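Inspection log for the structure reproduced underneath, given as structure tokens.
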Amino acid sequence: MEILRITGGRPLRGTLAVQGSKNAVLPILAATAAIPGRFTLSNCPSIRDVAVTRTILEGLGLSVAGRDEVLSIDSTGPVGSGPDPVPAGQLRSSVLLLGALLARLGEAAIPLPGGCVLGARPLDLHLRSLEALGVQVRCENGRLLCRGRPSGGAVLLRYPSVGATENLILAALGAAGPVLILGAAREPEICDLAAFLTACGAEIRGAGTSCVRVLPGPLHGAAHRILPDRIEAATWLCAAAATGGDLSLSALLPDQLRPVLNVLSRAGCEITEAKDRLRLRADALRAPGPIVTGPCPAFPTDAQAPVMAALLRAAGITVIEETVFSDRFRHVPGLRAFGADVEITGRIARIRGVDRLHGAAAAATDLRGAAALVIAALAAEGESRITDARHLDRGYARFAERLRALGADAAEVG
Ligand code: EPZ
């Protein structure tokens with residue numbers, strides 16, 4: 001999808017089943033390269049990052065068959081140690097093949113990863129930690145060359161990096177002894193990776209806490225249902241909140257969205273919850289108080305842009321501090337095109353609610369920033385055109401179709 005045309009001013013109403021989590025399925029797909037076996041993954045989101053990862057895995061020698069949201073993967077044959085740089089360079093999550101291939105082969109040659117431009121995205125936490133486990137790491141011609149079976153031992157992450165935690169868990173599967181990860185990330189997607197690996201026979205303790213222990217042992221294939229996507233759910237809730245809508249979401253885990261639900265509730269949304277569903281009704285919004293993003297259990301950085309867009313007309317002033325990425329306000333110029341009043345000072349955004357937003361043309365810069373532009377367009381009066389809308393395809397399945405199902409006037413153009 002290159003251009004998304006939206007005529008706003010209509011409340012989003014209806015029901016939607018949340019897709020499987022992009023940030024859970026990607027590390028789990030990487031994990032299938034670590035373990036010789038046959039795997040069935042259900043609730044896989046039909047998104048471009050999954051399609052690209054599937055190409056990478058097939059290039060390594062795995063076979064991947066897919067029907068709807070079920071992927072069947074066979075990694076029992078020989079597996080290469082170096083993914084194709086073209087697809088691997090499109091995703092940040094391709095770096096997780098480092099840990100997976102080290103576990104399986106004792107070596108890996110990974111192209112430097114791609115992914116959303118959100119400021120600096122170094123790999124020092126991944127690489128220094130692997131070195132602490134005795135892995136030799138060097139970078140040559142844009143590739144990370146790693147060799148050596150990880151030893152057992154303890155590693156301390158100075159920052160709870162999601163990817164570094166996942167890479168260490170994967171590398172630890174092939175380690176010579178137990179691996180203790182201190183300062184680990186606690187995101188729900190880490191727990192889903194651990195649940196998948198446990199189904200494969202791994203012994204992993206402490207996933208979801210800052211201290212994770214992996215005991216290497218024999219592993220085998222498994223079936224696993226991917227966790228619901230808490231950020232996709234947050235995105236839809238923000239779209240409903242921004243348009244005075246009435247949205248029921250199913251197939252999600254409200255507790256994994258708690259920081260976002262608290263903000264939307266403080267902003268005046270009426271939220272009713274059940275076990276795996278919730279309903280949000282919104283009218284006029286008010287500033288919910290300060291929002292500070294951070295590692296789980298803090299407010300998720302991935303929901304920052306959609307929530308900012310939902311609050312553009314909230315009465316009062318909202319302050320958002322982005323503590324995770326150094327440049328994650330790239331969607332703000334696009335929001336200003338709709339008439340938003342947002343001031344940026346370093347990592348602080350100050351949103352003054354305006355009465356109205358008007359249609360505009362704006363270019364998407366990254367996945368969640370693109371979602372923010374869509375939310376602003378839905379709340380704006382008149383027609384908007386969002387270019388570079390292909391960013392949405394990376395993480396939101398059938399986005400325009402699902403928008404229309406909720407009553408939005410949205411069309412893919414070009
Ligand atoms: C994962 O990225 C997610 N991606 C991101 O979601 C998410 O924003 C991020 O975690 C934080 O929650 C996937 O899971 C595929 P990090 P990741 O390592 O692992 C710094 C989306 O929109 N850092 O936790 O790359 C880094 O620069 C995407 O779905 C180092 O300094 O995030 C950043 O400031 C965007 N050195 C912070 O840590 C390192 O070696 C958090 O990064 C690694 C990271």
Side-chain angles (χ1 to χ4, degrees), residues 19-31 45 47-50 52-53 56 88 90-99 110 112-132 137 139 144 155-170 181 183-193 210 226-227 229-235 256 259-260 293-307 322-331 347 364-372 391-397:
Q19 71 182 34
S21 165
K22 168 180 88 76
N23 293 347
V25 72
L26 294 176
I28 288 172
L29 284 170
I47 57 176
R48 199 168 81 229
D49 279 13
V50 169
V52 173
T53 303
I56 294 170
Q90 296 174 34
L91 300 178
R92 173 75 178 183
S93 56
S94 59
V95 74
L96 301 177
L97 285 165
L98 255 188
I110 310 290
L112 287 172
C116 286
V117 177
L118 306 170
R121 296 191 81 178
L123 292 169
D124 57 311
L125 295 173
H126 298 245
L127 303 179
R128 301 299 79 80
S129 303
L130 290 171
E131 285 176 330
V137 175
C139 190
L144 294 166
V155 288
L156 171 63
L157 290 173
R158 65 172 169 73
Y159 182 89
S161 155
V162 172
T165 302
E166 291 164 343
N167 235 337
L168 285 166
I169 290 173
L170 293 176
I181 306 166
R186 300 167 53 188
E187 274 68 6
E189 293 77 28
I190 306 271
C191 300
D192 207 37
L193 173 63
S210 55
I226 301 297
L227 183 74
D229 192 320
R230 60 193 170 106
I231 305 303
E232 193 228 11
T235 304
Q256 294 188 349
V260 175
T293 71
C296 183
F299 186 94
T301 174
D302 293 344
Q304 177 256 106
V307 162
E322 171 56 59
T323 73
V324 177
F325 288 103
S326 60
D327 185 15
R328 199 167 197 173
F329 289 140
R330 300 176 74 231
H331 48 281
R347 291 199 182 198
T365 53
D366 57 86
L367 170 59
R368 308 304 178 185
H391 287 284
L392 292 162
D393 299 331
R394 290 195 48 207
Y396 296 106

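Remember, it's 1-based here, ligands and their atoms both numbered in the order they're listed. Quick caveat: nothing in here was measured; it's all calculated off a predicted structure.
Taking 4.5 Å as the limit, some side-chain heavy atom of Ile190 sits within range of a side-chain heavy atom of Glu166. Here the side chains of Asp229 and Lys22 are in contact, with some heavy-atom distance below 4.5 Å. Contact annotation: the side chain of Asp302 approaches that of Asn23 to within less than 4.5 Å [non-hydrogen atoms, C-beta and beyond]. In this structure the side chain of Leu112 reaches within 4.5 angstrom of the side chain of Leu123, judged on heavy atoms.
Of the possible donor and acceptor atoms, one in the side chain of Glu232 sits under 3.5 Å from a partner among the backbone N and O of Gln19. Not a single donor-acceptor pair under 3.5 Å links the side chain of Thr293 to the backbone N or O of Phe299. No side-chain donor-acceptor contact under 3.5 Å links Ser93 to the backbone of Leu26.
From the protein, the heavy atom lying nearest to atom 33 (C) of ligand 1 is Val324 O, 3.4 Å. Counting protein heavy atoms only, atom 11 (C) of ligand 1 is closest to Thr301 CG2, 3.9 Å. Atom 36 (N) of ligand 1 has Asp124 OD1, 2.7 Å as its closest protein atom, hydrogens excluded (heavy atom only). The shortest contact between atom 40 (O) of ligand 1 and any protein heavy atom is with Leu125 N, 2.7 Å. Among protein heavy atoms, atom 32 (O) of ligand 1 sits closest to Phe325 CZ, 4.1 Å. Ranking the protein heavy atoms by distance from atom 14 (O) of ligand 1 puts Asn23 CG, 3.3 Å first. For atom 27 (O) of ligand 1, the nearest non-hydrogen atom of the protein is Ala120 O, 3.1 Å. For atom 2 (O) of ligand 1, the closest non-hydrogen atom of the protein is Arg121 NH2, 3.4 Å.
Salt-bridge annotation for Glu189 and Arg230: present, with a side-chain N of the basic residue lying under 4.0 Å from a carboxylate O of the acidic one. One finds no salt bridge joining Asp49 and Arg92 here, because no Lys/Arg side-chain nitrogen approaches an Asp/Glu carboxylate oxygen to under 4.0 Å.
Ligand 1 has no nitrogen or oxygen under 3.5 angstrom from a nitrogen or oxygen of Ser93. For the pair Tyr159 and ligand 1, the shortest N or O to N or O distance does not fall below 3.5 Å. Taking only nitrogen or oxygen atoms, main chain and side chain alike, Ser161 reaches within less than 3.5 Å of ligand 1. The shortest N or O to N or O distance between Asp302 and ligand 1 is under 3.5 Å.
When all heavy atoms are compared, the tightest approach of Ala184 to Leu157 is CA-CD1, 4.2 Å.
Close approach of ligand 1 to Arg158 is summarised as follows: ligand atoms under 4.0 Å from at least one heavy atom of the residue are 31 (O). Those atoms of ligand 1 that come under 4.0 Å of a heavy atom in Arg328, given as number and element, are 8 (O), 22 (O), 35 (C). Counting the atoms of ligand 1 from 1 in the order shown, those under 4.0 Å from a heavy atom of Arg368 are 21 (C), 22 (O), 29 (O).
With Pro160, Pro122, Cys296 as candidates, the residue nearest to atom 30 (C) of ligand 1 on a non-hydrogen basis is Pro122. Heavy-atom proximity to atom 19 (O) of ligand 1, evaluated over Gly163, Ala303, Ala298, is greatest for Gly163. Across Val162, Thr165, Asp229, heavy-atom proximity to atom 12 (O) of ligand 1 is greatest for Val162.
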